[in-house]
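Data block below; observations after.
Order of the sequence lines fixes the chain letters, A, B, ..., with proteins taken first and strands second; residue numbering starts at 1 for each chain. For the numbers below, each heavy atom of this structure counts, side chains included, while hydrogens, waters and symmetry mates do not.
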Amino acid sequence: MSSATNPVIIQSDRSVLLEVHNPLYEEARDTLAIFAELEKSPEYIHTYRITPLSLWNAASSGVSVADVLNGLERYSKFPLPDSVRTEIQQLMGRYGLVKLVREDNKLFLTAEDPLIILEIVRHKEVKPLLGDDDRNDDSQSSSTRAEINPEARGQLKQLLMKLFYPVEDLAGYMAGTPLPMAWRTDNSESEPFALRSYQQEAVATFHQQGSVHGGSGVLVLPCGAGKTVIGMGVMMELQCETLILTTNTSAVKQWLRELTDKTTLDISQIGEYTGGKKEICPVTVATYQILTHRSRVDGNFSHFHVFNEKNWGLIIYDEVHLLPAPVFRATADLQAKRRLGLTATLVREDGKEDEVFTLIGPKKMDVPWKILESQGWIATAECMEWRIPMSKARRMDYALAEEKEKFRLAAENPLKSDKVSELIERHRDDLVLVIGQYVRQLEMLACELDAPLITGKTPQRERDRLYEEFRSGRLRRLVVSKVANFAIDLPDANVAIQVSGTFGSRQEEAQRLGRILRPKQGESKAYFYSLVTKDTKEQEFAMHRQLFLTEQGYAYKIMIEENLE
DNA sequence: CAAATCGAAA
DNA sequence: GAGAATTCGATTTG
């Protein structure tokens, strides 16, 4: 029961504070993870929130109201507020009022209380999603069930969630065509391959719960945590034909490489479905882009047939936070397939996280960056923001500029280049990436630093040559544009200097930090510098970008450069 | 026929 | 609220 030495404080707004350095931290964390969302994880106190969605997700994996209340009471410093207790009972009680069942290959919504079914079938947005069965007619108003259109299974669940009737989906998953596979043991590299402990845990968490409930979900893992390996781990468990969706062709190549390298699957069993090749094999890797492509003639999606081409038993969504809206809709129709979403950050600047949860599945596991850092899988990072002044003349220009030009004026502040040179000098023996947003600015910097520049227009051969030199250490500094956000073949560095970035994108910041967090031999210490112009809009945007990293527990040191005039 | 180039899309 | 990168299909080129 509650005791002052416990690690948790529960507030009446359903937020939960957890002390990280308390001896009961780990137990309490594992308990909270079951029914609350981790919102912030700075160094000393983590914040969780109990939301309707998080409670329903818990309920869907078999957790009861009593489990939640006991869990909270066990670790709380103070007695549980009554309002919180009541709300939890109320909210969780709604889960399962409506069930989705399969009978003779038809899908039905059922409820014990006919009034609930009546309320639902009368709802004007629900109506078009029901089966055309005439039993759904108003004359049958005392019915405890209603037939639905199987294609609308996802859409309907989404809609009912909004109406506060979270559906207990008992209709199950299709197993998909079986495909035997195993990890390769005869690997050409001498080290035998093994899943890291948290990777194993992730696979188990996804797979564990019964076949009805445990079929879909999202795993949140930092960059460099080995997402493809975990995806393959899940494939090993399910042993079935799999469709893998990624953001771009280099990610496709990466999956293909890893699959051939680490599994017993034969090359003939692995296919690439992109602009270049159109193979459909028992394991197929495709880009989101090709799926969203519409025919020029009739405006229809020309490649959606991939979803139905084979009897997929598992669909893996790589970087699920980038899932485009049309694929969302297609996915809504695929509720009978097992779905695995992989992502480093479940933040979407468009706030569609809830849709990911409803259509792909609940978040099954969240590995905070700091945990990986403490286990030595990623490097420790020092983040620093330098605030650079503008020249008098530029300050004048800035003051007179149109609102929309201001950001660019601030971002391209030429005084930044002095600081870049200084930082490069300080890291003479390190591998340094200079990352920026505007090609013009980068061209100037590259010239001053006498370092090569890589932008979108740089031909692949040129890129490969530069990457190679950088990897070998002959080349110690590289200026890159936004290609850095996507190019996964970019070699690892241990210092990044960001001279400009997009309007406050948290994702981008995370990705760029991820670039330098791969552990290196010897001292695994990384430096991340962000250069912003003092007292401008840029400074505000930088603040927003950093939010995610602050949430993950990284502290920014702020350094202010004085005006020279 | 494959590689290189181009414009459109989102 | 704007600029950069990417990708796809079509067209041209060797």
Side-chain angles (χ1 to χ4, degrees), chain A residues 244-256 272-279 284-306 318-319 321-330 348-352 398 401-413 433-446 453-464 466-467 478-490 498-509 511-512 515 533 536-538 540-542 544-545:
Chain A
I244 300 166
L245 304 178
T246 67
T247 51
N248 56 33
T249 36
S250 28
V252 171
K253 299 264 159 50
Q254 161 111 353
W255 274 95
L256 295 172
E272 170 184 344
Y273 196 92
T274 58
K277 277 186 196 160
K278 300 273 183 297
E279 303 165 341
T284 299
V285 191
T287 60
Y288 291 130
Q289 199 127 5
I290 198 160
L291 290 170
T292 52
H293 191 268
R294 288 161 187 273
S295 149
R296 231 163 262 190
V297 197
D298 53 12
N300 286 328
F301 294 102
S302 359
H303 297 284
F304 268 22
H305 67 90
V306 174
D318 196 11
E319 312 290 357
H321 59 285
L322 298 171
L323 192 64
V327 182
F328 260 136
R329 256 162 264 138
R348 288 172 72 102
E349 303 302 333
D350 66 0
K352 295 239 169 103
Y398 184 83
E402 296 274 334
E403 277 307 302
K404 41 185 170 184
E405 289 164 10
K406 285 191 168 179
F407 182 80
R408 182 152 189 171
L409 265 175
E412 293 192 309
N413 181 5
L433 287 177
V434 178
I435 310 175
Q437 142 109 328
Y438 300 105
V439 174
R440 261 180 21 212
Q441 177 190 26
L442 292 170
E443 279 166 350
M444 277 174 49
L445 271 171
L453 168 70
I454 297 181
T455 70
K457 314 199 269 296
T458 313
Q460 193 61 48
R461 281 172 58 196
E462 180 78 356
R463 290 187 202 191
D464 290 340
L466 291 169
Y467 291 162
L478 210 50
V479 183
V480 292
S481 70
K482 277 181 81 165
V483 284
N485 291 8
F486 300 94
I488 51 171
D489 45 356
L490 189 67
Q498 173 170 254
V499 293
S500 53
T502 349
F503 298 73
S505 159
R506 285 175 281 177
Q507 257 179 50
E508 184 174 276
E509 196 87 345
Q511 207 121 34
R512 289 181 172 178
R515 280 266 158 257
T533 303
T536 62
K537 292 176 100 64
E538 196 190 20
E540 292 164 40
F541 284 124
H544 184 249
R545 278 205 304 267

After noting the C-alpha distance and the side-chain angles of A:R512 and A:E508, does the key distance pass the salt bridge (charged side-chain N to carboxylate O under 4.0 Å, His left out) rule? CA-CA 6 Å; A:R512 289 181 172 178; A:E508 184 174 276; 3.5 Å; yes
Verdict with supporting geometry, A:E405 and A:R408, salt bridge (charged side-chain N to carboxylate O under 4.0 Å, His left out): CA-CA 6 Å; A:E405 289 164 10; A:R408 182 152 189 171; over 6 Å; no
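Set against C:dT7, C:dA4, C:dT6, the side chain of A:K482 has C:dA4 as its closest nucleotide. When the nucleotides C:dC8, C:dA2, C:dT6 are ranked by their closest atom to the side chain of A:I290, C:dC8 comes out on top. Comparing C:dT7, C:dG9, C:dA4 against the side chain of A:H293 picks out C:dG9 as the nearest.
Under the rule for a side chain to side chain contact (heavy atoms under 4.5 Å, CB included), the partners of A:S481 that lie at least two apart in sequence or sit in another chain are A:L442, A:T455, A:V483.
Applying the 4.0 Å criterion to OP1 and OP2 of C:dA4, one finds that A:T455 has every side-chain N and O outside that range. The side chain of A:H303 places an N or O atom within less than 4.0 Å of a non-bridging phosphate oxygen (OP1 or OP2) of C:dG9. Close to C:dA4, at under 4.0 Å from its OP1 or OP2, lies no side-chain N or O of A:S481.
In the model, A:S500 has a side-chain atom that pairs as donor or acceptor with a side-chain atom of A:Q441 under 3.5 Å.
If you check every strand for non-hydrogen atoms under 4.0 Å, A:Y438 touches sugar and phosphate atoms only. Within the nucleic acid shown, A:Q437 comes within 4.0 Å of sugar-phosphate atoms alone, with no base atom in reach, counting heavy atoms only. Among the atoms of the strands shown, only primed sugar atoms or phosphate atoms (P, OP1, OP2) are found under 4.0 Å from some heavy atom of A:K278.
Side-chain contact check for A:I454 versus A:V479: every heavy-atom pair is 4.5 Å or farther apart.
Between A:H305 and A:H303, the two ring planes are tilted [angle within 30° to 60°].
The NZ-C1' distance, from A:K277 to C:dT7, rounds to 17 Å in whole Å. Rounded to an integer number of Å, the gap from A:E538 CD to C:dA2 P is 17 Å. Between A:E508 atom CD and C:dA4 atom C1' there is a gap of 10 Å when expressed in whole angstrom units. Here C:dC8 presents its C1' atom at 18 Å from OH of A:Y288, a figure rounded to the nearest Å. Taking atom CD on A:E319 and atom C1' on C:dT6, their separation rounds to 15 Å, with Å as the unit. As rounded to whole Å, 13 Å separates atom C1' of C:dA4 from atom CG of A:L453. Whole-Å rounding puts the A:F407 CZ to C:dA4 C1' distance at 13 Å. One interatomic measurement links the two molecules: CZ of A:R463 to P of C:dA5, which rounds to 9 Å at whole-angstrom precision.
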Under 3.5 Å between N/O atoms: give me all the protein pairs with nucleotides 4-10 of chain B, atom names plus distance.
none

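Taking 4.0 Å as the cut-off between side-chain N and carboxylate O, A:E403 and A:K537 count as a salt-bridged pair.
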